[in-house]
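The basis for the numbers below is simple: all heavy atoms, side chains too, and nothing from hydrogens, waters or symmetry mates. Numbers restart at 1 for each chain; the letters A, B, ... are given by sequence-line order, proteins then strands.
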Amino acid sequence: MTLILDPDDPAGWREADAPASSGASGSHLTDGLNPQQREAVEYRGPALLIVAGAGSGKTRVLTHRIAHLIETREAWPSQILAITFTNKAAAEMRERVQALLGEGASGMWISTFHSACVRILRREAESLGMSSTFTIYDSADTRTMLKRIIKELDADTMGFTPAGAQAKISKLKNELSDADTYARNANLNDPQEAVFCEIFRQYSRRLRDQHALDFDDLIAETVYLFRAFPKVAALYQRRFRHILVDEYQDTNHAQYALIRELTRPVEREVVDELDAHGILVRGLTDDHGEIPGASLTVVGDSDQSIYAFRGADIRNIVEFERDFPGAKVVLLEQNYRSTQNILSAANAVIQNNFDRKDKKLWTADGDGEKIVGYTGYTAHDEAQFIADEIEALHRAGVAYRDIAVFYRTNAQTRALEEIFVRSALPYRVVGGTKFYERAEIKDAMAYLAAVANPLDELALRRILNTPKRGIGPATETAIAQFAEQNEISFRQAMRSAAELGLGPKVRGAIGGLADVLDQAAAMLVPSQRGLDEGTNEGAAKVSDVLVYLLEASGLIAALRNSRDPQDETRAENVEELVAQTRDFDRENPGATLVDFLTQVSLVAAADELDDASGTVSLMTLHTAKGLEYHAVFLTGLEEGLLPHQMSATEPGGPAEERRLFYVGITRARKRLYLSLAMSRAQFGEVAVAMPSRYLQEIPEHLVDWKQSPGMATSRGGTQPRALNARRPGSGPGGAWGTRDRDLERFSVTRSAATKTEWANKVTANVRDNGDLTLDSGDRIRHADFGEGTVNQVTGEGSKRIAHVAFDRVGAKKLLIKIAPIEKL
DNA sequence: GCAAGTTCATTTTTT
DNA sequence: ATGAACTTGC
């Protein structure tokens with residue numbers, strides 16, 4: 001029996017074969033599963049909720065369920081829509097399903113909410129009166145727009161900020177509200193409200209004029225499309241017979257509504273109409289001539305809901321049974337990831353959250369090692385402990401890629417990075433400063449965006465004077481006004497530069513830019529054959545267009561010829577972008593420029609993770625969701641950081657922070673480290689930090705404190721000290737969280753000294769030992785570690801690493817080029 | 001219109 | 001402490 005796959009049209013599939021009996025062909029898909037997992041794979045019905053505790057094998061269940069549906073011939077791959085949280089998770093799921101089936105399963109839609117919606121919207125753009133090449137604006141783009149709007153409306157005098165307006169608009173869109181709906185219910189007598197309505201309206205209008213959508217629109221517009229055009233909706237309702245949603249606890253109202261629309265039955269009249277248009281419906285209809293709603297499977301864990309700030313509504317999962325009457329619920333509680341000690345800690349912490357269904361993770365694999373705790377004097381001290389422990393793990397055979405360091409805020413990476421660089425520890429920050437957020441990359445991308453969508457005013461204004469070509473703000477405003485008055489686009493107004501009464505130099509510059517963009521656009525037109533066949537044949541590759549734009553616009557030349565030393569790095573970054581477009585062209589033959597722009601817009605932090613890289617991963621607790629590591633370090637476990645200061649005022653804030661901690665704990669397979677600092681620099685000021693309240697929720701016997709908060713404050717002589725501890729002082733034994741003025745003073749001096757010597761590694765110049773040569777046997781002195789003997793030197797050039805046995809603190813690895821050392 | 005100097009806010013998490 | 005944003009002088 002062969003599967004004949006027609007990815008985009010499952011028409012006629014019923015005639016192909018009678019479904020095989022599920023037992024026989026699906027057995028290898030249920031072997032080795034526990035009874036609950038097996039039920040989750042085999043259950044058939046309109047709605048299924050899988051409550052999957054952390055590490056309970058939910059990805060396995062999902063992939064097996066999909067494969068089972070296909071192998072039993074209950075569904076064609078093209079009838080399956082699976083929604084994951086990140087593109088990486090989607091790719092992984094696709095691979096695993098294909099591995100289970102042993103053959104290609106093309107036609108399945110496995111993607112994020114956003115990617116799936118873009119795909120639908122580009123296809124159906126016409127219905128919405130929009131170009132299929134619409135631009136997707138990221139949060140930086142929308143903030144720029146809002147900034148302009150607020151300025152023009154003088155709304156800043158009323159206390160409006162771009163960030164504030166952005167948050168509020170995003171929240172409204174996630175509730176499926178729009179500018180008009182909002183204005184109708186708003187109290188317009190309140191001037192504050194009235195101005196906000198105007199901001200919202202302007203913002204929406206500009207997006208529409210520029211054929212651009214923001215992140216929230218991607219979901220909301222798809223819902224709108226389905227509600228306004230039942231026939232369009234019916235195409236997708238008919239196609240997707242099985243919808244599976246992962247991380248359901250983090251869906252917001254708009255996403256919930258989208259799922260509701262997709263699982264709606266197709267009414268008889270619409271079915272008839274589809275039939276009349278030659279769309280096959282035979283075999284899909286029930287006795288009433290309707291196409292029944294798709295079957296829905298959602299997987300989630302309300303204890304891991306950590307995106308309420310972004311509109312995620314925990315009620316979606318809590319009230320699933322009410323929303324979908326007759327839904328089956330399967331509970332997965334057995335954990336296959338972590339040791340019992342780690343799970344006991346996680347259970348103890350999450351138990352403190354009220355109104356949750358009691359649920360306890362358990363494993364059959366034994367207690368494992370104790371959790372390790374450490375309290376540093378400063379963030380640098382904490383980071384040093386982490387670096388040392390990572391080295392110890394590595395020596396014990398744990399690969400770097402199997403180790404991760406988590407933190408609450410991105411700002412915490414600084415201290416960690418400084419110490420990791422100095423310790424020659426290979427690491428990678430996931431998320432954080434993203435490549436595509438760099439100014440020079442955004443510039444280059446804006447050129448591409450302006451070519452792909454000529455109505456994209458934001459992109460045009462960005463590149464208008466980048467590189468510098470003598471077009472200043474005055475000229476920019478003049479063009480914008482001319483466009484407004486004549487009701488033409490910004491791009492068209494540029495063509496009319498002659499009518500603006502500008503000088504010949506400026507006019508030439510504008511014309512030159514317009515010509516470059518026209519030329520690039522011409523490169524992208526497919527050949528006649530491509531046009532006839534609706535393919536992209538004959539169109540220039542993305543990399544070729546980018547190279548043309550960079551050279552013809554003078555952008556790359558400006559960076560190369562600049563005397564600003566940072567521009568050299570920027571030129572390299574732009575070249576890296578060119579390399580990335582080449583990769584894209586190679587991996588996606590026939591893909592368009594718009595495809596490239598879409599992919600870039602929708603990358604998530606976790607998508608950057610490269611499993612093959614031999615590096616330690618650093619990321620926020622949010623990014624860590626869904627991942628797992630052999631060893632996990634949870635850092636900065638202090639009041640004000642976790643729970644974060646900002647969460648205190650939010651209703652449900654502290655509970656969500658606790659879930660965040662819970663998510664962090666449950667990422668660890670074998671080893672878990674909890675660390676904090678007694679003092680932390682914030683805004684350049686050093687402040688005393690208190691241990692996080694959540695630490696006390698972990699039973700004492702589970703944690704082995706190498707240096708407890710009490711020890712760190714008292715610095716008593718009998719206690720084990722930090723590996724690079726300062727002189728132990730004397731003093732009364734401090735309790736959990738007591739202050740110590742000596743400590744404060746000490747920390748300030750230490751960190752200040754370190755800071756001056758070790759300015760930021762990216763921007764400022766780092767200490768450079770240059771050609772310092774070291775050999776085994778040499779004696780050196782280190783700023784922090786004191787004197788020691790070099791055992792060995794490895795690596796080449798600037799990557800040479802000294803393996804040093806220090807007299808006081810033992811063995812360390814140092815990057816010779818930048819370590820604060822001198823030869824004695 | 002541009003470069004250098006000064007002020008100022010910034011830090012919660014992200015598709 | 002740092003980088004963005006604004007002001008001042010050429």
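- The pair A:D250-A:K625 meets the salt-bridge criterion, with a side-chain N (NZ, NE, NH1 or NH2) lying under 4.0 Å from an Asp/Glu carboxylate O.
- The residue among A:S601 and A:R469 whose nearest nucleotide of DNA chain B is located toward the 5' end is A:R469.
- With no hydrogens or angles considered, a side-chain donor-acceptor pair links A:Y427 and A:E417 at under 3.5 Å.
- Nucleotide B:dT15 holds its C1' atom 10 Å from the CG atom of A:N174, rounded to whole Å.
- Between the side chains of A:S675 and A:E382, a donor-acceptor pair is found at a separation under 3.5 Å.
- Within 4.0 Å (heavy atoms only), A:F113 reaches no atom of the nucleic acid at all.
- For the segment residues 210-222 of chain A, the set of residues with a heavy atom within less than 4.0 Å of an atom of DNA chain B comprises A:F215, in numerical order.
- A donor-acceptor pair shorter than 3.5 Å can be found between the side chains of A:N174 and A:N252.
- Here the side chain of A:H622 is nearest to one of B:dT13, B:dC2, B:dG1, namely B:dT13.
- Of all nucleotides listed (B:dG1, B:dT12, B:dT15), B:dT15 comes nearest to the side chain of A:T112.
- Rounded to whole Å, the distance from NZ on A:K171 to P on B:dT14 is 17 Å.
- Of the candidate nucleotides B:dT12, B:dT14, C:dT2, B:dT14 has the atom lying nearest to any side-chain atom of A:T623.
- Distances were taken from every side-chain heavy atom of A:H644 (C-beta onward) to each of B:dT11, B:dT14, C:dA5; the shortest belongs to B:dT11.
- For A:Q645 and B:dT10, the CD to C1' distance is 15 Å, given to the nearest whole Å.
- Residue A:M646 contributes atom CE, which lies 11 Å from atom C1' of B:dT10 at whole-angstrom precision.
- The side chain of A:N410 contributes an N or O atom lying less than 4.0 Å from OP1 or OP2 of B:dT14.
- Closest contact between the side chain of A:T475 and the listed nucleotides B:dG1, B:dT13, B:dT11 involves B:dG1.
- Listed pair A:K147 / C:dA5 meets the phosphate criterion, a side-chain N or O lying under 4.0 Å from OP1 or OP2.
- A straight line from CG of A:L621 to C1' of B:dT14 spans 14 Å, rounded to a whole angstrom.
- Of the charged side-chain nitrogens involved, none lies within less than 4.0 Å of a carboxylate oxygen, so that A:K58 and A:D301 do not count as a salt-bridged pair.
- A donor-acceptor contact under 3.5 Å links the side chain of A:H114 to the base of B:dT15.
- Side-chain atoms of A:T142 and A:Q166 include a donor-acceptor pair closer than 3.5 Å.
- Residues passing the ring pair (Phe, Tyr, Trp, His ring centres under 6.0 Å) test with A:H622, sequence neighbours excluded: A:Y307, A:F309.
- Side-chain atoms of A:S170 and A:D216 form a donor-acceptor pair, as typed in the model, at a separation below 3.5 Å.
- Of the candidate nucleotides B:dT12, B:dT14, B:dG1, B:dT14 has the atom nearest to the side chain of A:R310.
- OP1 or OP2 of B:dT14 has at least one side-chain nitrogen or oxygen of A:T620 nearer than 4.0 Å.
- Look at CD on A:E476: it is 14 Å from C1' on B:dG1, rounded to the nearest Å.
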